[in-house]
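What follows is one structure encoded as structure tokens, with my remarks underneath.
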Amino acid sequence: MSGGIAPLDLSTYGDAAALSQAIASAVESGTMPPWLAVETDECAPRLPWKGDMRLSEDDKATLRAWADGGALEGDPDDSPGLAEPPSLELDNPNAELEFEEPYKVEGTKDDFQCFVLDPGNTEEVWVTGAQILPGNPKVDHHALVFLDVYGETAEGDQQFPCFNTPSVPGFLMATWTPGAAPMRTPESAGMPMAAGARLIVQMHYHPDPASTEFDQTVVQLEWTTEQPEWDAAQALVGNDSRYNDDDGTGLQPGDNDPESGAAFIIPAGERGHIETLLYTQSVPIEFPIFSVGTHMHYVGTDMKIDFLDKDPATGDVDEECLIQTPAWDFNWQRVYDYDAPVDELPHIDAGDSLRMRCTYDNSLENPFVADALAERGLSDPDDVVLGEETLDEMCLGLFGILVPPGLIEGIY
């Protein structure tokens with residue numbers, strides 16, 4: 001719609017008809033709607049996703065037939081008109097937190113900024129819902145909300161540049177992309193938020209080179225003061241640069257490793273490079289996994305996460321693919337929630353493992369690499385290593401887990 005972040009408007013028949021072939025192709029390829037978690041020959045998750053935005057094959061065929069048939073308008077009198085977009089706000093938020101000052105968004109390069117918000121709760125609460133209400137959809141590309149458990153961010157640090165995860169004890173609470181529904185924990189679960197905790201909101205801004213814009217985004221929180229059956233948290237697993245000789249976990253040996261051993265290095269110009277990380281659960285507690293997401297930077301092209309369920313009695317391992325994002329796009333990252341009751345979710349226990357396989361293209365054939373280099377006045381790729389900067393890389397899994405009450409406080 002007009003004023004949104006997309007570079008086009010499809011509010012009228014004429015708008016859509018002029019782009020009919022592009023619309024059909026984008027839907028057929030899966031580019032739109034943006035939903036990266038798809039089934040492949042090597043990954044067929046057994047559980048459906050909540051809020052799956054993908055169109056059915058019949059819907060795709062209808063769009064293709066319309067485009068190939070000349071994008072006819074039909075009888076305007078039979079048109080139902082544009083549907084009202086669904087409400088994306090929380091119905092009864094306990095808190096609505098606005099950025100302290102409007103932030104100026106300008107220039108030609110993407111801008112990553114963190115904003116600190118104080119929920120103001122004077123007792124421990126359990127967050128059951130969160131939503132980001134963009135202050136300026138024209139430039140607000142996506143947002144990540146982190147919980148700063150101990151409120152360690154200084155009072156004066158209300159806003160600061162940040163490309164990656166803030167360095168404070170805490171966890172990822174919620175994500176937002178245009179059109180995203182609110183984050184909600186499973187029933188009988190909530191994310192513990194201690195009195196004095198703060199939120200750190202990482203905003204990804206995509207400037208409009210033709211204008212200066214301002215953003216003052218709002219974060220909504222819904223919580224309960226009654227401790228639920230489960231605590232909920234987001235766990236970040238991966239980004240390990242070392243191989244553990246004792247148990248075979250961590251960074252796995254690869255084809256391009258130096259003689260000194262396993263190393264996370266993506267050689268300049270190489271396509272189809274793979275790095276694999278293995279994490280094995282050691283805590284003797286079962287954690288149901290209610291959501292999962294993948295995270296890489298601009299060199300990444302495909303990420304696959306497997307759950308290795310080990311039978312403690314026999315040592316046999318059942319493999320289950322949790323998610324694959326074979327057309328990774330940094331611009332459309334999100335967490336995907338399983339649509340299933342708790343007893344049907346994957347449960348990771350002591351001895352079970354998570355395997356993260358990340359594939360990279362560090363050549364100019366990768367348009368994201370070419371653009372990132374051009375922004376810095378560079379023309380040729382360089383070797384890429386694990387790190388926090390834009391041209392470094394990551395191989396990171398994001399997991400929503402359910403935890404016995406009170407355990408999270410012991411972790412942080």
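Within 6.0 Å of atom CD in E319, more than 12 heavy atoms from other residues, nucleotides or ligands are found, so the atom counts as buried in its surroundings. Atom CG of D247 sits in a crowded spot, with more than 12 heavy atoms from other residues, nucleotides or ligands closer than 6.0 Å. Within a 6.0 Å radius of CZ in R242, no more than 12 heavy atoms belonging to other residues, nucleotides or ligands are found.
Two residues are said to be in side-chain contact when any heavy atoms from C-beta on lie closer than 4.5 Å; F287 and L345 fail this criterion. Between V384 and F264 there is no side-chain heavy-atom pair separated by less than 4.5 Å. Counting heavy atoms from C-beta outward, D140 and V105 have side chains that stay 4.5 Å or more apart. In this structure, L133 and W176 have side chains that are not in contact, with every pair of non-hydrogen atoms separated by 4.5 Å or more. Between D361 and V369 the shortest side-chain heavy-atom distance does not fall below 4.5 Å. For the pair I23/L10, a side-chain contact is recorded, criterion being any heavy-atom separation below 4.5 Å from C-beta on. F115 has its side chain out of reach of V219: every pair of non-hydrogen atoms, C-beta onward, lies at least 4.5 Å apart. Annotation: side chain of V237 is not in contact with side chain of I305 (no heavy-atom distance under 4.5 Å).
Screening residues 49-65 for salt bridge (Lys or Arg N to Asp or Glu O under 4.0 Å), with sequence neighbours left out, gives E28-R64, E39-R54, D52-R54, E57-K60, R64-D68. Residue pairs that meet the salt bridge (Lys or Arg N to Asp or Glu O under 4.0 Å) test with at least one member in residues 182-193, sequence neighbours left out, are R184-E222. Within the structure, disulfide (SG to SG under 2.5 Å) pairs that include any residue of residues 269-314 do not occur (at least two apart or interchain).
With rounding to the nearest 0.5 Å, the separation of CH2 in W126 from CE in M193 is 11.0 Å. Interatomic distance, D380 CG to S363 OG, rounded to the nearest 0.5 Å: 11.5 Å. Taken to the nearest 0.5 Å, the CG atom of L308 stands 6.5 Å off from the CG atom of L278. Here the OG1 atom belonging to T225 is positioned 5.5 Å from the CD atom belonging to E123, to the nearest 0.5 angstrom. One distance of note links NE2 of H206 with OG1 of T108; it measures 10.0 Å at 0.5 Å rounding. Distance check: F112 CZ to L144 CG gives 9.0 Å after rounding to the nearest 0.5 Å.
A salt bridge links R357 with D302: the closest approach of a Lys/Arg side-chain nitrogen to an acidic carboxylate oxygen falls below 4.0 angstrom.
The aromatic rings of W328 and H295 sit perpendicular to each other, their planes meeting at more than 60°, with 30° as the lower class boundary. Taking the six-membered ring for Trp and thresholds of 30 and 60 degrees, F330 and H297 have ring planes more than 60 degrees apart, a perpendicular arrangement.
With sequence neighbours left out, the side-chain hydrogen bond (donor to acceptor under 3.5 Å, both in side chains) criterion links S20 to no other residue. For E89, there are no salt bridge (Lys or Arg N to Asp or Glu O under 4.0 Å) partners at least two apart in sequence or on another chain. Taking D306 as the reference, K304, R355 meet the side-chain hydrogen bond (donor to acceptor under 3.5 Å, both in side chains) condition, with sequence neighbours excluded. Considering only residues two or more places apart in sequence or on other chains, T40 meets the side-chain hydrogen bond (donor to acceptor under 3.5 Å, both in side chains) condition with Q324. T314 pairs by the side-chain hydrogen bond (donor to acceptor under 3.5 Å, both in side chains) definition with D316, not counting sequence neighbours. For E286, there are no salt bridge (Lys or Arg N to Asp or Glu O under 4.0 Å) partners, not counting sequence neighbours.
Looking at D110 and H204, their side chains do bring a donor and an acceptor atom within 3.5 Å of each other. When only modelled atom types and interatomic distance are considered, Q159 and E100 share no side-chain donor-acceptor pair under 3.5 Å.
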Pairs of donor and acceptor atoms involving the side chains of residues 397-405, under 3.5 Å and at least two apart or interchain, shall be tabulated with distances.
none

Could you give the side-chain donor-acceptor pairs of residues 334-343 under 3.5 Å, partners two or more places apart or in another chain?
residue: Y336; atom: OH; partner: L36; partner atom: N; Å: 3.0
residue: Y338; atom: OH; partner: L322; partner atom: O; Å: 3.0

Exercise answer: donor-acceptor pairs, residues 90-98 side-chain atoms, under 3.5 Å, sequence neighbours excluded:
residue: N94; atom: OD1; partner: W223; partner atom: N; Å: 2.7
residue: E96; atom: OE2; partner: Q220; partner atom: NE2; Å: 2.7

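No donor-acceptor distance shorter than 3.5 angstrom exists from the side chain of D148 to the backbone of L199, with no hydrogens or angles considered. In this structure, D309 contributes its side chain and D318 its backbone to no donor-acceptor pair below 3.5 Å. A donor-acceptor distance shorter than 3.5 angstrom exists from the side chain of D231 to the backbone of G406, with no hydrogens or angles considered. Within the 3.5 Å criterion, the main-chain N or O of G254 finds a donor-acceptor partner in the side chain of D257. Of the possible polar contacts, one joining the N136 side chain to the F214 backbone as a donor-acceptor pair under 3.5 Å is found. At distances below 3.5 Å, at least one donor-acceptor pair connects side-chain atoms of Q131 with backbone N or O atoms of L88. Listed for the T217 side chain is a donor-acceptor partner under 3.5 Å among the backbone atoms of G135. A donor-acceptor contact shorter than 3.5 Å links the side chain of D383 to the backbone of A268. Looking only at distances, no side-chain donor or acceptor of T249 sits under 3.5 Å from a matching main-chain atom of N244.
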Start with the C-alpha gap between L364 and L373, add the side-chain angles, then the distance that decides, and say whether side chain to side chain contact (heavy atoms under 4.5 Å, CB included) holds. CA-CA 9 Å; L364 293 178; L373 290 170; 3.8 Å; yes
Derivation of the side chain to side chain contact (heavy atoms under 4.5 Å, CB included) call for F99 and M203: CA-CA 11 Å; F99 293 174; M203 295 294 298; 3.7 Å; yes
Determine, step by step, whether Y279 and L277 satisfy the side chain to side chain contact (heavy atoms under 4.5 Å, CB included) criterion, reporting the C-alpha distance in whole Å, the side-chain angles of both residues, the deciding distance to 0.1 Å, and the verdict. CA-CA 7 Å; Y279 162 82; L277 302 169; over 6 Å; no
Between N239 and L386, is the side chain to side chain contact (heavy atoms under 4.5 Å, CB included) condition met? List the steps. CA-CA 7 Å; N239 284 357; L386 192 70; 3.8 Å; yes
